[in-house]
Amino acid sequence: MIDPRIIRERPDDIRHMLQCRAVDYDLDALVLCEQERRRHMADTDRLRQERNDCGRTISASKKSGEDAGLLIKHMKVVSARLQVQEIAQAANEEKYQKLIRSIPNMIHDTVPVGPDDTANAETGRWGPTDSKPGNHISVAGDLLDMERASKVAGSRFYYLKDGLVRLNYALLSYALDHLSKYGYVLVQPPYMINRQSMEGAIIAEDFEDVIYKIQDKDLYMIGTSEHAMAAMHSDEIIDGKTLPLRYAGVSPCFRKEAGAHGTDQKGIFRVHQFEKVEQFVYTKPEQSWAEHQRMLCISEQFYKSLEIPYRTVILSSGDMGKVASKTYDIEAWMAGQSAYREVVSCSNCTDYQARRLMIRYRDRTNDKPQYLHTLNSTLVATTRTMVAIMENHQRADGHIDIPKPLQSYMNLKVI
RNA sequence: GCGGGGAUCGCCUAGCCCGGUAGGGCGUGGGAUUGCUAAUCCCAUGUCAGCAAUGACUCGGGGGUUCAAAUCCCCCUCCCCGCGCCA
């Protein structure tokens with residue numbers, strides 16, 4: 001949620017943002033609704049004050065033994081008017097919340113403006129980019145069984161076997177150790193969370209396309225541990241001395257991929273379920289942009305250590321997610337496809353999630369609480385990184401070289 | 001799943017039976033004072049709007065009764081104790 005003051009003070013900035021994101025949104029409706037909201041609040045306040053004053057008078061006159069009949073009669077009238085007013089206000093409030101919560105986040109100045117990924121701005125490259133003969137499906141061979149998975153669960157599911165199972169778990173263990181080294185607290189979150197929590201982390205329209213719901217329960221499967229970790233401190237005021245809070249979330253991720261018909265159909269690059277280690281950080285506003293760089297750097301170190309060539313890009317205004325103010329992607333070189341493909345997404349969501357989830361901080365007892373900033377970045381989504389390892393580290397004999405840092409986690413050098 | 005007991009402003013707690021401005025302690029912040037520390041004393045300390053004076057909201061959540069609900073009634077969530085089941 002954006003700061004409502006922007007609606008009043010700088011509506012043109014919002015219009016500009018909406019245009020950059022190519023989002024269709026009726027801002028005038030919100031501006032009107034927000035004006036009504038303030039009027040409703042004032043009206044309700046006035047009536048409540050009258051009711052409270054009257055109640056106090058009744059109480060006092062009863063204590064002194066006087067007849068309060070007339071006062072009670074008057075209070076009945078006030079209460080009735082208040083009830084009507086409160087209903088009107090509630091209706092307005094619901095409309096307002098719906099409108100304001102569907103506005104995307106404001107965009108940072110350094111984000112390139114453009115309609116889609118063709119406008120993304122490359123910011124760096126690492127490693128060689130030679131082509132190799134096998135894509136990950138052919139390299140995996142018997143270690144990956146897509147056919148039986150589709151029989152049992154449907155498309156975009158998979159059975160991993162032997163070496164790939166070990167590789168999957170080795171990546172997770174190594175990733176957790178990597179983040180521990182940088183002072184992150186390891187977190188294994190709930191894999192299902194309630195609607196209110198989910199709505200704090202994502203925008204309503206994304207529910208339909210990515211989130212699985214548990215039937216007959218107010219529970220949703222997390223699409224990433226980010227969702228559970230953003231909501232972890234909801235409705236809290238955090239002691240500023242403890243910031244930044246750096247969490248390494250590890251969890252399975254479940255995604256409907258409803259909007260992705262036909263794309264990345266083959267293999268395990270785009271699937272309904274995978275494991276991920278995620279960086280999630282709460283910072284003070286003035287620290288968040290430095291933290292954003294730090295998180296990207298930590299993820300880059302990880303891919304360098306695995307000898308996976310990559311490039312970094314800033315997502316353009318049209319390609320970026322709605323809650324992010326700025327997003328870097330790391331795209332790994334997939335030697336079997338001779339293409340860079342996304343493996344990491346590193347976003348500063350500024351105060352957008354914090355406002356939705358009411359997460360604030362203050363440095364001293366009597367200070368006014370302030371919204372903090374939340375950031376998230378993939379460290380490793382195991383399926384995609386396994387694709388990168390298989391394609392880049394494939395050998396002529398059909399085996400796969402295991403990157404050095406993973407060897408001790410697997411007790412294997414080759415699979 | 002069944003029975004019983006709970007949820008109050010960071011923590012602890014009073015208030016609930018008997019409806020009428022949510023009180024105290026600890027902790028925390030600021031200040032005073034004394035060589036230092038400690039101790040002591042004063043002020044502040046739930047949230048929101050406001051420059052402020054003020055005002056509104058707030059007793060796990062949602063309904064209801066009432067002129068008026070922390071308090072009475074109903075539903076839900078979570079926690080504790082006992083029993084049952086269980087990786």
Side-chain angles (χ1 to χ4, degrees), chain A residues 1-10 30-31 33-94 96-98 100-101 188-200 213-220 228 231-243 245 251-252 282 284-285 351 354-372:
Chain A
M1 188 158 77
I2 61 168
D3 186 343
R5 270 177 306 196
I6 305 174
I7 300 165
R8 268 176 281 163
E9 293 164 15
R10 305 183 277 123
L30 175 63
V31 169
C33 187
E34 201 266 347
Q35 282 165 3
E36 273 172 36
R37 178 168 182 259
R38 271 181 293 158
R39 201 166 47 240
H40 274 301
M41 284 173 126
D43 289 351
T44 311
D45 261 26
R46 221 172 298 118
L47 281 168
R48 280 181 180 151
Q49 184 178 0
E50 200 176 339
R51 182 200 58 185
N52 291 344
D53 287 346
C54 199
R56 272 188 283 269
T57 319
I58 290 169
S59 177
S61 75
K62 278 203 168 177
K63 267 179 195 158
S64 63
E66 292 166 40
D67 177 38
L70 230 76
L71 287 164
I72 286 174
K73 217 169 198 170
H74 175 62
M75 184 127 157
K76 270 187 187 172
V77 175
V78 175
S79 284
R81 277 169 60 200
L82 177 61
Q83 202 179 359
V84 171
Q85 169 58 29
E86 279 179 335
I87 290 166
Q89 190 192 5
N92 166 261
E93 183 65 22
E94 196 187 342
Y96 170 77
Q97 286 297 331
K98 214 169 184 170
I100 194 167
R101 290 173 80 90
Q188 197 170 353
Y191 300 160
M192 296 170 239
I193 61 179
N194 61 34
R195 177 149 196 128
Q196 201 190 336
S197 299
M198 192 63 95
E199 277 180 350
K213 186 184 190 311
I214 304 296
Q215 188 151 31
D216 301 329
K217 295 269 181 200
D218 178 29
L219 284 175
Y220 299 81
M232 186 161 68
H233 289 295
S234 56
D235 298 315
E236 292 182 26
I237 297 172
I238 292 167
D239 182 353
K241 286 194 283 286
T242 66
L243 295 175
L245 293 172
S251 79
Y282 298 79
K284 296 183 186 182
D351 60 357
R355 280 179 190 280
R356 296 178 144 238
L357 290 161
M358 283 293 283
I359 312 172
R360 294 171 294 176
Y361 81 96
R362 73 177 140 215
D363 286 312
R364 288 185 318 182
T365 309
N366 295 358
D367 287 357
K368 185 178 156 64
Q370 278 194 71
Y371 290 103
L372 43 71

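First the proteins, then the strands, lettered A, B, ... as listed; each starts at 1.
- Using a cutoff of 4.0 Å between basic side-chain nitrogens and carboxylate oxygens, A:R38 and A:E34 are scored as salt-bridged.
- If you take CG of A:L82 and C1' of B:C67, they are 12 Å apart, rounded to a whole angstrom.
- The separation of B:G30 from B:U21, taken at their P atoms, amounts to 35 Å, rounded to a whole angstrom.
- With P as the reference atom, B:G29 and B:A38 are 12 Å apart, rounded to whole Å.
- Inter-residue side-chain proximity for A:Y282 and A:M232 is flagged as met; some heavy-atom pair is nearer than 4.5 Å.
- Following rounding to the nearest Å, A:K76 (NZ) and B:U66 (P) show an atom-to-atom distance of 9 Å.
- Rounded to a whole angstrom, the distance from the P atom of B:A7 to that of B:U13 is 9 Å.
- Residue A:K217 contributes atom NZ, which lies 9 Å from atom P of B:C78 at whole-angstrom precision.
- Between the C1' atoms of B:C36 and B:G27, the separation comes to 24 Å (whole Å).
- For A:R362, taking side-chain heavy atoms from C-beta onward, the closest of the listed nucleotides B:U47, B:G55, B:C67 is B:U47.
- Put simply, CD on A:Q196 is 14 Å from P on B:C78, counting in whole angstrom units.
- Note that the CG atom of A:L30 and the CD1 atom of A:I7 stand 4.0 Å from one another [nearest 0.5 Å].
- Where RNA chain B pairs in unbroken runs of 3 or more (Watson-Crick or G-U, both distances under 3.5 Å), the stems are B:1-7 with B:77-83, B:10-13 with B:23-26, B:27-32 with B:40-45, B:46-49 with B:54-57, B:60-64 with B:72-76.
- Contacts of A:K73 with the nucleic acid, taken as non-hydrogen atoms under 4.0 Å apart, are absent.
- A:R38 comes within 4.0 angstrom of no nucleic acid atom, judged by non-hydrogen atoms across all strands.
- Between A:R195 atom CZ and B:U77 atom C1' the separation is 18 Å, expressed in whole Å.
- Contact between the side-chain N/O atoms of A:S79 and the OP1/OP2 oxygens of B:A68 is found at a separation under 4.0 Å.
- Here A:K241 lies out of heavy-atom contact (under 4.0 Å) with every strand.
- Spacing of P atoms, B:G63 relative to B:C57, comes out at 16 Å, to the nearest Å.
- B:U71 and B:G25 are spaced 26 Å apart, taking the P atom of each and rounding to whole Å.
- In this structure, CZ of A:R56 is placed 14 Å from C1' of B:A22, rounded to the nearest angstrom.
- Residues A:R360 and A:C54 both approach RNA chain B. Their nearest nucleotides, taken by heavy-atom distance, put A:C54 toward the 5′ side.
- Between A:R81 and B:C67, a side-chain N or O to OP1/OP2 separation shorter than 4.0 Å is absent.
- Nearest nucleotide to the A:P369 side chain, out of B:U47, B:G20, B:A56: B:U47.
- Per the geometry, CG belonging to A:L70 stands 17 Å off P belonging to B:A68, to the nearest Å.
- Contact annotation for A:N52: backbone-only contact, meaning every heavy-atom pair under 4.0 Å involves sugar-phosphate atoms and none involves a base.
- The salt bridge (Lys or Arg N to Asp or Glu O under 4.0 Å) contacts involving residues 79-94 of chain A comprise A:R37-A:E93, A:R48-A:E86, where partners must be two or more places apart or lie in separate chains.
- With a 4.5 Å cut-off on side-chain heavy atoms, A:S61 and A:L71 count as touching.
- A:R362 places none of its side-chain heavy atoms less than 4.5 Å from the side chain of A:K368.
- Projected onto RNA chain B by closest heavy-atom contact, A:M75 and A:G55 fall at different nucleotides, the more 5' of which corresponds to A:G55.
- Rounded to whole Å, the C1' atom of B:G82 lies 39 Å from the corresponding atom of B:U66.
- Judged by distance alone, the side chains of A:D239 and A:T242 never bring a donor and an acceptor atom under 3.5 Å apart.
- Taking only side-chain atoms of A:D45, from C-beta outward, the nucleotide of B:A68, B:G55, B:C57 with the closest atom is B:G55.
- Residue A:L372 holds its CG atom at 9.0 Å from NE2 of A:H233, rounded to the nearest 0.5 Å.
- Checking B:G20, B:C67, B:A56 against every side-chain atom of A:R48, the shortest atom distance belongs to B:A56.
- Atom-to-atom, CZ of A:R51 to P of B:U66 comes out at 15 Å; the value is rounded to the nearest Å.
- Here, B:G15 and B:A22 have their C1' atoms 8 Å apart, quoted to the whole Å.
- A 4.5 Å side-chain heavy-atom check between A:Q85 and A:H40 finds at least one atom pair inside the cut-off.
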